[in-house]
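Single-structure report; data block below.
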Amino acid sequence: MGKRLLLLYNVQAGRGKIRRKMDALEQIFVDGGYEPIPKMLRFGQNPFDGEDENIDLVVVCGGDGTINYVVNAMRAKGLDYPLGIIPSGTANDFAGAIGVSSRPLKAARQIVEGTEQRVDLGRVNEYYFVNIFSFGMFTTTSQHTPEKIKRRIGKAAYLIEGSKELHNREFIPLHIVHDGGELDVDSMMTLVFNGETAGRFPIARTASIRDGQLDLMIMRKCGTFDGAWAAVQLLVAGRENEDIVHIRSSKLTITSPLSPLTDMDGQPSAEFPLQIECLAGNLRIVAPKK
């Protein structure tokens, strides 16, 4: 009998392509010496409920939001399985960070032939995030973008939906304590990166999921034109200017008199005040050998 592999898949992720490839994916894992146990994810239910804990590997088919859901479900049960990723979401930022192919069948072969590694995991209050935690302008765009639009045009849907927020700017006063000190700033947009990209746009170019640090990037309060230009430069080209605050820290405490909605990996997240931490090497993943 092969090693037991729990194959979790989100049929809504991306453009629904995983459903059509399930038989081929299972065969790749069987050929690789695994006994795949396919299970469709039902959000609102813990996928590990009722499962035998004798599992050797968990493979997640979906995007960043799906990975986020599985990681939080696993931590809620006190489990620490290694994860393999088959990207099938809209952006797939975390899969890109660990070097996984965007083609599902090739990604499955990379898992079979890959090596187990440890990467950083972000935590905000009682929640975990694999790629990014955020609040302010643009940052809940993923939550508001209809699934049918994301399936139809991919990550361009984020730009279209996000452009609507340029006329609804909200300034959020923040007090931030970090490894090197503290500061007060009025923020239009706040991003906390574990990975490097958001919507596959290379924003935090110095970030790494293996450095034990988080990259905090804040767009300061500024005028409509300056804010729009700074947002375009940051989101599309990863360029920073005087309107961008960039701090690297292993821990962050963020407070505010306001209570803005927050987002982590495209999912609703924690409420203020925020205790944010990089858990160095806390997540086991199976990554390509190279």
Side-chain angles (χ1 to χ4, degrees), residues 41 43-48 60 62-80 83 89 91 93-94 97 119-145 158 162 165 170-179 182-195 197-199 203-204 207 209 212-219 245-280 282-283:
L41 284 166
F43 290 89
Q45 299 179 7
N46 192 310
F48 300 101
V60 183
D64 294 315
T66 306
I67 299 167
N68 178 292
Y69 187 81
V70 171
V71 168
N72 277 276
M74 187 166 63
R75 288 292 184 264
K77 291 281 189 179
L79 302 172
D80 186 29
L83 293 183
D93 290 296
F94 185 69
V119 299
D120 300 342
L121 184 64
R123 180 169 63 194
V124 52
N125 296 353
E126 72 273 26
Y127 299 100
Y128 298 87
F129 63 98
V130 295
N131 188 61
I132 183 173
F133 170 80
S134 60
F135 56 90
M137 189 172 65
F138 297 135
T139 59
T140 57
T141 296
S142 178
Q143 297 177 31
H144 299 154
T145 305
Y158 294 144
E165 298 190 27
E170 179 185 42
F171 304 133
I172 305 169
L174 302 175
H175 180 72
I176 300 168
V177 179
H178 55 91
D179 290 349
E182 55 188 292
L183 78 155
D184 293 287
V185 61
D186 288 337
S187 167
M188 289 174 59
M189 175 173 63
T190 300
L191 310 168
V192 181
F193 283 92
N194 183 41
T197 63
I203 299 175
I209 57 173
Q213 297 281 305
L214 297 170
D215 281 61
L216 169 67
M217 303 187 75
I218 301 170
M219 181 185 295
V245 176
H246 186 174
I247 296 169
R248 305 192 77 234
S249 182
S250 63
K251 294 182 180 180
L252 298 161
T253 299
I254 304 179
T255 56
S256 174
L258 304 181
S259 299
L261 296 176
T262 68
D263 181 282
M264 85 186 161
D265 300 327
Q267 302 294 315
S269 181
E271 297 181 355
F272 278 69
L274 305 173
Q275 297 290 336
I276 308 173
E277 181 180 6
C278 179
L279 304 176
N282 190 266
L283 186 64

Among all residues two or more places apart in sequence or in another chain, which pass the side chain to side chain contact (heavy atoms under 4.5 Å, CB included) test with Glu182?
His175, Val177
For Asp184, give me all partners under salt bridge (Lys or Arg N to Asp or Glu O under 4.0 Å), at least two apart in sequence or on another chain.
none
Between Asp265 and Ile132, is there a donor-acceptor pair closer than 3.5 Å when you use the side chain of the first and the backbone of the second?
yes
Is Thr262 reaching over with its side chain to a backbone N or O of Ala270, donor-acceptor style, under 3.5 angstrom?
yes
Separation between CG (Leu274) and CG (Leu252), nearest 0.5 Å, reads 9.5 Å
Looking at Gly65 and Gln267, what are the two nearest heavy atoms and their distance?
CA-NE2, 3.5 Å
Rounded to the nearest 0.5 Å, what separation is found between the OG atom of Ser134 and the CG atom of Leu216?
11.5 Å
Strictly by modelled atom types, are Asn68 and Asn72 linked by a side-chain donor-acceptor pair under 3.5 Å?
yes
Taking side chain as C-beta onward, heavy atoms only, is Thr255 less than 4.5 Å from Phe272?
no
Would you find a donor on one side and an acceptor on the other, under 3.5 Å apart, between the side chain of Ser256 and the backbone of Leu174?
no
Partners of Glu271 by side chain to side chain contact (heavy atoms under 4.5 Å, CB included), sequence neighbours excluded?
none
Quick one, Asp179 and Arg248 - any side-chain contact, counting heavy atoms below 4.5 Å?
no
What residue among Ile67, Asp80, Asp120, Val130 forms side-chain contact (heavy atoms from CB on, under 4.5 Å) with Leu283?
Val130
Is the Phe133 to Tyr127 ring centre distance short of 6.0 Å?
no
Heavy atoms of Leu214 and Ser250 approach each other most closely as CD1-O, 4.3 Å
Does any N or O in the side chain of Asn125 come within less than 3.5 Å of the main-chain N or O of Pro273, such that one atom is a donor and the other an acceptor?
yes
Heavy-atom closest pair, residues Met264 and Tyr128:
SD-O, 3.3 Å
For Tyr69, give me all partners under side chain to side chain contact (heavy atoms under 4.5 Å, CB included), at least two apart in sequence or on another chain.
Phe43, Pro47
Report yes if some heavy atom in the side chain of Leu258 is under 4.5 Å from a heavy atom in the side chain of Phe135; otherwise report no.
no
Mind checking whether Glu277 and Asn282 have side chains closer than 4.5 Å, heavy atoms only?
no
Just jot down the side chain to side chain contact (heavy atoms under 4.5 Å, CB included) partners of Lys77, sequence neighbours excluded, or say none.
Asn46, Phe48, Asp49, Leu79
What pairs with Thr197 under side chain to side chain donor-acceptor pair (under 3.5 Å), at least two apart in sequence or on another chain?
Asp93
With a 4.5 Å heavy-atom cut-off, do Ser269 and Asp263 have their side chains touching?
no
Between Cys278 and Gln213, which heavy-atom pair has the shortest distance, and what is it?
SG-N, 3.7 Å
Between atom CZ of Arg123 and atom NZ of Lys251, what is the distance when rounded to the nearest 0.5 Å?
9.0 Å
If you define the side chain from C-beta out and look only at heavy atoms, does anything of Ile176 sit under 4.5 Å from Ile218?
yes
Can you check side chain to side chain contact (heavy atoms under 4.5 Å, CB included) on Leu121 and Asn194, steps first, answer last?
CA-CA 7 Å; Leu121 184 64; Asn194 183 41; 5.5 Å; no
Working to the nearest 0.5 Å, report the span between CZ of Phe193 and CD1 of Ile209.
13.5 Å
